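Sequence lines set the chain letters: A, B, ... in the order given, protein chains first and strands last, and positions in each chain run from 1. Computed from a prediction, not measured in an experiment: that's the story for all the values here.
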2 protein chains.
Amino acid sequence: MAMGRPRSFDTDKALDEAMEVFWRHGYDGASLAMLTKAMGIKPPSLYAAFGSKEGLLKAALDRYAERRSTHMRYVLAGATAREVAERFLTSIAESHTDPANPPGCLLVQGGLACGEGSENIPFELASRRAQSETELRERFAAAQRDGDLGASADPAALARFLSTVASGMGVLASSGADREALRDVARVSLGAFPGPDAAR
Amino acid sequence: MAMGRPRSFDTDKALDEAMEVFWRHGYDGASLAMLTKAMGIKPPSLYAAFGSKEGLLKAALDRYAERRSTHMRYVLAGATAREVAERFLTSIAESHTDPANPPGCLLVQGGLACGEGSENIPFELASRRAQSETELRERFAAAQRDGDLGASADPAALARFLSTVASGMGVLASSGADREALRDVARVSLGAFPGPDAAR
DNA sequence: ATACTTATCTACCACTCGATACAAAAATGG
DNA sequence: CCATTTTTGTATCGAGTGGTAGATAAGTAT
């Protein structure tokens with residue numbers, strides 16, 4: 001069977017460029033002209049590969065999730081619930097101010113509100129944000145069974161708290177806050193985090 | 001001297017409608033068609049009254065700030081730093097889930113990232129977010145002088161922490177979280193807040 | 001080589017964007 | 001009344017939007 005003309009661009013490389021544009025300008029703010037220029041391809045190639053602007057975003061989000069899953073594995077591997085929280089917030093302070101990327105978090109910058117015709121974008125981003133919150137919640141529930149998180153603690157509330165602080169740090173970083181400011185927030189936030197029952 | 005034809009719409013009422021549109025769709029996502037329809041006026045009237053789309057946003061932000069200054073006065077009037085923090089977070093849990101408004105916070109929803117030609121919008125919103133952080137910081141510094149906030153506490157870091165949690169709660173609310181979820185976040189966050197030195 | 005399949009490029013589609021020119025309308029001052 | 005001033009509605013501007021038609025290029029299979 002004939003294979004056809006091979007693709008002349010690297011899909012992952014192009015996705016990285018698209019990701020950066022969505023990250024910096026949001027879904028609505030990212031025009032096809034900006035995207036195709038950054039990706040180094042023309043509109044028909046984009047549509048053949050990703051179907052639509054929304055499809056391109058989803059592909060970029062998948063790639064973003066891949067990147068973060070490495071971080072998240074490290075975070076969840078913390079020995080105690082407390083250490084997981086610490087790893088979570090400090091790694092976010094680093095990643096959200098990494099000069100290799102636009103400041104903040106793609107899942108926040110991508111678009112909390114959108115215009116007509118892209119109403120489902122905020123939902124898409126929210127569901128992806130919810131994923132790491134779920135991972136944290138399950139990790140904390142396990143920690144509670146293991147005894148390194150007090151029985152009186154609320155795993156769901158703690159996970160939601162950390163996820164909320166993470167979103168807030170995304171907002172903070174996007175407005176130009178430096179790494180030290182985010183570390184401060186992480187440090188103060190950890191003061192809200194309980195240890196095993198004996199410690200509190 | 002001739003006075004000219006009187007304006008046929010109420011400026012403040014129109015601004016409230018515009019505010020809601022910006023709140024729900026963000027700056028880029030809010031089209032002139034949506035704005036003029038919501039405001040019940042035609043483009044020339046909009047431009048005569050507010051100069052530009054950006055001018056309209058700024059006018060809406062001014063009105064938003066007016067609304068919030070009442071809340072902020074109540075917050076800052078708390079007897080102790082701890083009480084100020086408590087009032088700040090709980091009032092935000094309420095306001096960000098007030099069914100009378102779009103969910104979340106206009107200063108966050110309005111746009112963290114924008115397209116070409118509106119690059120200064122995120123700055124405008126960030127500077128308005130920074131305002132309440134400054135108010136909190138100054139209040140906490142005063143609390144430290146008064147002795148109801150420990151000498152070892154860092155007023156700037158605490159204010160930044162609260163402001164960050166507030167932004168995070170805005171993100172959380174915009175994705176449909178209910179009031180109880182926001183209250184949980186507020187409650188957990190307050191665990192990070194120190195009292196007078198004796199208490200910790 | 002020829003057939004077939006797929007990707008790419010040029011050019012363009014219908015539509016929406018923010019913003020405005022212009023004339024009619026509605027007020028006041030004389 | 002008329003002159004003046006300002007607002008309003010209609011109708012539209014040029015630019016840019018997301019997306020595509022159609023021809024051409026570049027590969028594989030036979």
Side-chain angles (χ1 to χ4, degrees), chain A residues 1-15 17-18 21-22 24-60 110-111 113-122 124, chain B residues 1-15 17-19 21-22 24-61 110-111 113-122 124:
Chain A
M1 187 190 304
M3 289 293 287
R5 176 172 176 174
R7 188 165 280 156
S8 67
F9 62 95
D10 183 86
T11 308
D12 288 341
K13 204 73 185 157
L15 268 181
E17 300 296 334
V21 174
F22 283 131
R24 207 175 288 282
H25 297 281
Y27 181 78
D28 276 351
S31 70
L32 281 197
M34 296 169 59
L35 289 165
T36 52
K37 181 179 177 184
M39 299 167 80
I41 61 177
K42 310 285 176 178
S45 297
L46 193 161
Y47 279 82
F50 305 105
S52 66
K53 186 184 175 185
E54 185 173 337
L56 175 61
L57 174 71
K58 287 182 180 171
C114 281
E116 286 179 321
S118 38
E119 292 90 350
N120 42 333
I121 300 298
E124 181 71 30
Chain B
M1 187 194 305
M3 288 292 288
R5 178 173 174 172
R7 187 165 283 158
S8 67
F9 62 94
D10 182 87
T11 307
D12 287 341
K13 204 73 184 158
L15 268 182
E17 300 296 333
M19 188 194 303
V21 174
F22 283 130
R24 206 175 288 281
H25 298 280
Y27 181 78
D28 275 351
S31 69
L32 279 198
M34 296 170 58
L35 289 166
T36 52
K37 181 178 176 184
M39 299 167 81
I41 63 176
K42 311 286 176 179
S45 299
L46 193 161
Y47 280 82
F50 305 105
S52 66
K53 187 184 175 185
E54 185 172 339
L56 175 61
L57 174 71
K58 287 183 180 170
L61 288 177
C114 279
E116 287 179 320
S118 39
E119 291 91 350
N120 44 331
I121 302 297
E124 181 71 30

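Of all heavy-atom pairs between A/Phe50 and A/Thr11, the closest is CZ-CG2, 3.8 Å.
When the side-chain nitrogen and oxygen atoms of A/Ser8 are compared with OP1 and OP2 of C/dT8, one or more of them lie within a distance under 4.0 Å. Between A/Lys53 and the phosphate of D/dG18, there is a side-chain N or O to OP1/OP2 separation shorter than 4.0 Å. The shortest distance between the side-chain N/O atoms of B/Tyr47 and the OP1/OP2 oxygens of C/dA19 is below 4.0 Å. Contact between the side-chain N/O atoms of A/Ser45 and the OP1/OP2 oxygens of C/dA7 is not found at any separation under 4.0 Å.
Residues of residues 25-34 of chain B having a heavy atom closer than 4.0 Å to DNA chain D: none are found.
Summarising the local packing, CD of A/Glu119 is surrounded by more than 12 heavy atoms from other residues, nucleotides or ligands at distances under 6.0 Å.
Taking CE of B/Met19 as the reference point, atom CG of B/Asp12 lies at 9.0 Å (rounded to 0.5 Å). Of the inter-residue distances, the one linking B/Tyr27 atom OH with B/Asn120 atom CG reads 8.0 Å to the nearest 0.5 angstrom. Atom NE2 of A/His25 is separated from atom CG of B/Asp28 by 10.5 Å, given to the nearest 0.5 angstrom.
Under a 3.5 Å cut-off, the side chain of A/Ser118 and the backbone N or O of A/Ile121 do not form any donor-acceptor pair. Between the side chain of A/Lys53 and the backbone N or O of A/Ala30, at least one donor-acceptor pair lies under 3.5 Å. Looking at B/Thr36, its side chain does come within 3.5 Å of a backbone N or O of B/Leu32 through a donor-acceptor pair.
Heavy atoms of A/Phe9 sit under 4.0 angstrom from primed sugar atoms or phosphate atoms, though from no base atom. Among the atoms of the strands shown, only primed sugar atoms or phosphate atoms (P, OP1, OP2) are found under 4.0 Å from some heavy atom of B/Pro6.
Ion pairing between B/Lys58 and B/Glu54 holds under the 4.0 Å rule for side-chain N and carboxylate O.
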For nucleotides 21-25 of chain C, print each protein N/O atom paired with a nucleotide N/O atom at under 3.5 Å, atom names and distance only.
| unit_1 | atom_1 | unit_2 | atom_2 | d |
| --- | --- | --- | --- | --- |
| C/dA25 | N3 | B/Arg5 | NH1 | 3.2 |

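The CD1-C1' distance, from B/Ile41 to C/dA19, rounds to 14 Å in whole Å.
Looking at the side chain of B/Arg7, the nearest of the listed nucleotides D/dG19, D/dT7, D/dT10 is D/dT7. If you check D/dT28, D/dT8, D/dA26 against the side chain of A/Met3, the one that comes closest is D/dT28.
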